[in-house]
Amino acid sequence: MENQGGMSASNAFELGQNFQRINLLLQRLVMALSRREFRNPGVEGPGQPFLMRAAMSQAASLWSNPMKALTAQMEFWQNTTELYAELTQAMFGGGRQTGAQPEKDARFRDEDWERHPFFYYLKRQYQIMSAYLETLAEGAEDEDDPHHSEQVHFFTRQLVDMFAPSNFLASNPVAIRKAVETNGASLVEGLENLVKDLERSGGDLLVTLSDPEAFRIGETLAVSDGAVVYETDLFQLIRYDATTEKVYSRPILFIPPWINKFYILDLQPKTSMVKWLTSQGFTVYMVSWRNPGEAMRDWGLDTYVFDGVLSAAETVDRISGGEGCNIVGYCIGGTTLAIALAWIGRHSTASPIKSATFFTALTDFEDPGPLKVFIDESFVGGILLEASRKGYLDQRIMARTFSYLRPNDLVYGPAVKAYLLGEPPPKFDLLFWNEDSTRLPERMAREYLTYLYRDNDLALDRFPLKESRVGLGDIKTPHYVVACEKDHIAPWRASFKGLARAGGDGRFVLAQSGHIAGIVNHPDRRKYGYWVSNDRPGDLDSWKAGAEPHEGSWWPDWARWLSRRSGRKQPAAWPETLTRIEPAPGRYVTE
């Protein structure tokens, strides 16, 4: 049955329901936005001083080289005119012939971006404008300040990515087509996804990357058997159950990053590094950091070094009967481990740490990759004001900062799927972990950004620690260093550059893939390869050219390296005097 306008009764009913949902969702939207906290503008993006300086550099470039600016302008108008002529011909000719080469940019892979004249024009004009803006950014470079030039290019790229036609409903053919096919239901679902994200993040717009209800810590993630055997206000120490009849006498202790939770190393049995190591006869301990609140505002890097890393190592040594431990530091956990080892080396302190392994750890922050663009006085000042106001740095600020290092993958792409296409967030364990981040205590945030990122004190052998100064040159512990080829958080060159200065025998491994996939690379997957060498990286290109390439995971190579430093084999048994405080993964990881 149809009404007078030609709409079926079922469609009219569905449309009415959608309007009712939209009305309710808009009310929730207003409520969610009203709860957004005011933040210092310094943490929101480039401030007025940066923009004024960029404009002045641009003007100076135009005056000094007017022909360059004129050439760029002429090229822009020529490309635009040619595109307009092509579009006119396509419209009068009944459409476009699709290109011979497939589109490499994932945002424009739908065939309408190539076939339909209107969407093809939007795509090509966007690409022409993007190239033009990049040329303008080159004109705003400051020869006396390379850091400012990097910032100009970075924020230009951010602007270009933000205004891609794929990010907007009216210029996204996939979103328009789905809205028509679903009678607008996809847009209603998209609005609901938007409202849920705003409600979940206190009025901030952070796109949910993984279904928050898809996994349960201790039930579907972090399920390796074990127990918390020691705890302080700072951390819980987990010991995992043996899975072999005999184990090495010297255990492994993991120091995970304190800006993420430890279970990236124990996601699911098929990818768990913990499960794999226990299957190789190693006894594994794990530090689970507490998620700090306002009362922990005075915790600093020295707290995490002495009351965290060294306290955990001494506890494991005591439990193992004086066998010591082989210790592993992941990401900023590895940076903290390096500071602890430098203290030990500088003061010739007896140590239970017999070897150290570093996963994607930055210790030299002279060139820390894309994150460097954020580290200026405006951003650092804004961060410190936020941290001082609450006593901790909200995890949402750091999460957003890291997301904008890969905006198309972690911001705009997921936003298009969620808000324009109305798709539910995927069930993806890695992204679930990525969103389960933690806060930083006020003093820790200040020292992390100033001593390390801004001043690079550890690499310059002047890191302040208990009225002393320590640096990478003080480290004397044998070490195994893993960096990842496509790491955008801890670039492999920067990682190797710092740790190549450490004393003691070293083995250096360059894994394929990125910050997480290059580390969590179970041998059974046979996915990513690696290069390895005992030579210290000097010239990094020469090192890579001379390193030995291997297919598959680097885990077995590391296990062989560890086994030579892990003592004798002995029957696996839980120590009789060791109390199981609570089952793994413990309560700290769920706070």
Side-chain angles (χ1 to χ4, degrees), residues 11 14-15 18 22 76 79-134 156-194 196-197 205-211 403-428 430-431 486 514:
N11 285 346
E14 182 180 3
L15 186 62
N18 285 338
I22 289 172
F76 170 76
N79 290 335
T80 298
T81 303
E82 290 175 355
L83 176 61
Y84 180 75
E86 183 182 355
L87 174 66
T88 303
Q89 183 179 5
M91 292 179 66
F92 284 107
R96 289 194 72 258
Q97 298 294 323
T98 56
Q101 296 295 327
E103 177 62 59
K104 294 181 180 180
D105 191 331
R107 296 173 294 179
F108 303 119
R109 283 186 184 155
D110 186 80
E111 61 181 11
D112 274 346
W113 289 111
E114 187 71 21
R115 183 182 60 187
H116 194 288
F118 173 71
F119 294 113
Y120 175 77
Y121 174 81
L122 287 177
K123 178 189 76 169
R124 286 293 300 126
Q125 187 61 50
Y126 165 73
Q127 292 169 337
I128 292 169
M129 178 61 77
S130 300
Y132 176 62
L133 291 175
E134 291 285 1
T156 298
R157 191 71 246 170
Q158 294 290 319
L159 188 69
V160 166
D161 289 339
M162 180 190 302
F163 286 103
S166 55
N167 294 341
F168 303 94
L169 174 62
S171 53
N172 186 319
V174 182
I176 294 172
R177 191 164 61 240
K178 187 170 184 180
V180 172
E181 292 171 351
T182 62
N183 290 322
S186 62
L187 300 181
V188 181
E189 295 296 333
L191 178 59
E192 182 157 13
N193 288 337
L194 172 64
K196 286 180 178 178
D197 283 350
L205 183 54
L206 289 175
V207 187
T208 298
L209 301 177
S210 176
D211 184 352
S403 293
Y404 278 98
L405 298 180
R406 293 169 52 200
N408 289 324
D409 293 332
L410 298 178
V411 181
Y412 303 122
V416 167
K417 291 180 180 179
Y419 308 149
L420 300 189
L421 302 181
E423 296 179 3
K427 295 176 172 60
F428 190 4
L430 183 57
L431 291 178
K486 297 181 180 179

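From a predicted model like this one, the values you see are computed outputs, not experimental measurements. We number each residue from 1, following the sequence as shown.
For Leu206, the side chain to side chain contact (heavy atoms under 4.5 Å, CB included) test picks out Ser201, Arg396, Arg400, with sequence neighbours left out. Every residue two or more places apart in sequence or in another chain that forms a side chain to side chain donor-acceptor pair (under 3.5 Å) with Gln125 is listed here: Thr80. The ring-ring contact (aromatic ring centres under 6.0 Å, His included) search around Tyr132 returns Phe76, not counting sequence neighbours. Applying the salt bridge (charged side-chain N to carboxylate O under 4.0 Å, His left out) rule to Asp110 yields the partners Arg177; only residues at least two apart in sequence or on another chain are considered. In this view, Phe428 and Ser210, Leu430, Leu431 satisfy the side chain to side chain contact (heavy atoms under 4.5 Å, CB included) rule, not counting sequence neighbours. Under the side chain to side chain contact (heavy atoms under 4.5 Å, CB included) criterion, Ser186 pairs with Lys178, Ala179, Thr182, sequence neighbours left out. Lys427 is linked by a salt bridge (charged side-chain N to carboxylate O under 4.0 Å, His left out) to Asp211, counting only residues two or more places apart in sequence or in another chain. Considering only residues two or more places apart in sequence or on other chains, Glu192 meets the side chain to side chain contact (heavy atoms under 4.5 Å, CB included) condition with Arg21, Leu25, Arg28, Glu189, Lys196.
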ask   = Is there a side-chain contact (heavy atoms from CB on, under 4.5 Å) between Asp112 and Val174 once you walk through the steps?
value = CA-CA 8 Å; Asp112 274 346; Val174 182; over 6 Å; no

inquiry  = Assess the residue pair Phe163 and Leu133 against the criterion (side-chain contact (heavy atoms from CB on, under 4.5 Å)); give the C-alpha distance rounded to whole Å, side-chain angles, the decisive distance to 0.1 Å, and a yes or no.
reply    = CA-CA 12 Å; Phe163 286 103; Leu133 291 175; over 6 Å; no

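Counting heavy atoms from C-beta on, the side chains of Arg107 and Lys123 never come closer than 4.5 Å.
The minimum heavy-atom distance between Tyr126 and Val160, with the atom names listed, is OH-O, 2.8 Å. Counting all heavy atoms, side chain and backbone alike, Ser171 lies closest to Pro165 at OG-O, 2.7 Å. Scanning all heavy atoms of the two residues, the minimum distance from Glu134 to Arg157 falls at OE2-NH1, 3.1 Å. The minimum heavy-atom distance linking Phe108 with Gln127 is given by the pair CD1-NE2, 4.4 Å.
Taking a 6.0 Å sphere around OH of Tyr84, one finds it holds 12 or fewer heavy atoms contributed by other residues, nucleotides or ligands.
To the nearest 0.5 Å, atom CZ of residue Arg124 and atom CD of residue Glu114 are 9.5 Å apart.
Across Trp113, Tyr120, Phe119, a single residue satisfies ring pair (Phe, Tyr, Trp, His ring centres under 6.0 Å) together with His116, and that is Phe119.
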Taking distance alone, no hydrogens or angles, what donor-acceptor pairs closer than 3.5 Å link side-chain atoms of residues 407-425 to residues at least two apart or in another chain?
| unit_1 | atom_1 | unit_2 | atom_2 | d |
| --- | --- | --- | --- | --- |
| Asn408 | ND2 | Asp161 | OD1 | 3.4 |
| Asp409 | OD2 | Arg406 | NH2 | 3.4 |
| Tyr419 | OH | Asp197 | OD2 | 2.5 |

